[in-house]
Amino acid sequence: GILCGAASVLAANIVFWLLGGAGARHDAMGVHEPLPDAGVKFLAFVDVLLCTLAVAASVSPVGSNRRDKLVKYLSMGIIVGVLENAQKWGIRVLALASQGDGQGEHPKPELPHASEGYDDA
């Protein structure tokens with residue numbers, strides 16, 4: 001059920017990291033901005049840990065203390081990641097809101113010219 005789906009999504013994340021997905025990262029402006037190796041290793045470790053919890057919980061008997069604990073740990077790990085990203089998102093929204101003219105309009109970001117900032121060498 002749901003735990004198998006969670007394990008599948010997390011396994012897909014692990015494959016993404018293993019296949020070099022961190023090197024394909026771009027920022028909001030479209031500028032190539034790969035994740036540092038240390039960050040990739042940490043994120044891959046967290047995904048492996050959470051995937052392991054999801055798989056272990058999915059094969060545990062329904063209603064068992066083991067399954068309940070594993071689901072709680074899995075939920076806490078996912079919620080921490082969501083809250084961490086929500087905080088970063090909120091800070092960005094507040095920063096953009098403070099750049100406006102007070103009338104609800106916000107400046108449009110300048111996109112880099114096709115010849116700027118795309119050095120893939």
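This structure is a prediction, so every number in the text was calculated from the model and none was measured.
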Point-to-point distance, once rounded to the nearest 0.5 Å, from OH of Tyr73 to CD1 of Ile78: 15.5 Å
Cluster overlap Phe42 with Leu10, hydrophobic side-chain contacts below 4.5 Å: yes
Over all atoms of both residues, closest heavy-atom pair of Ala57 and Arg67: O-NH1, 3.2 Å
Steps toward side-chain contact (heavy atoms from CB on, under 4.5 Å) verdict (Leu35, Leu43): CA-CA 10 Å; Leu35 280 174; Leu43 291 172; 3.9 Å; yes
ILVMFWY network linking Leu3 to Val48, side-chain heavy atoms under 4.5 angstrom: no
Gap between atom CE of Met76 and atom CG of Leu50 - 0.5 Å precision: 10.5 Å
side-chain hydrogen bond (donor to acceptor under 3.5 Å, both in side chains) involving Asp47 - partner list, sequence neighbours excluded: Trp17
Over all atoms of both residues, closest heavy-atom pair of Ala7 and Cys51: O-SG, 3.6 Å
Same cluster (ILVMFWY, side-chain, under 4.5 Å), Val71 and Leu53: yes
Over all atoms of both residues, closest heavy-atom pair of His32 and Gly23: NE2-O, 2.6 Å
Gap between atom CD1 of Ile2 and atom CG of Leu74 - 0.5 Å precision: 11.0 Å
Transitive ILVMFWY side-chain link Phe16 to Val40, under 4.5 Å: yes
Hydrophobic cluster identity match, Leu70 and Ile79, side-chain contacts under 4.5 Å: no
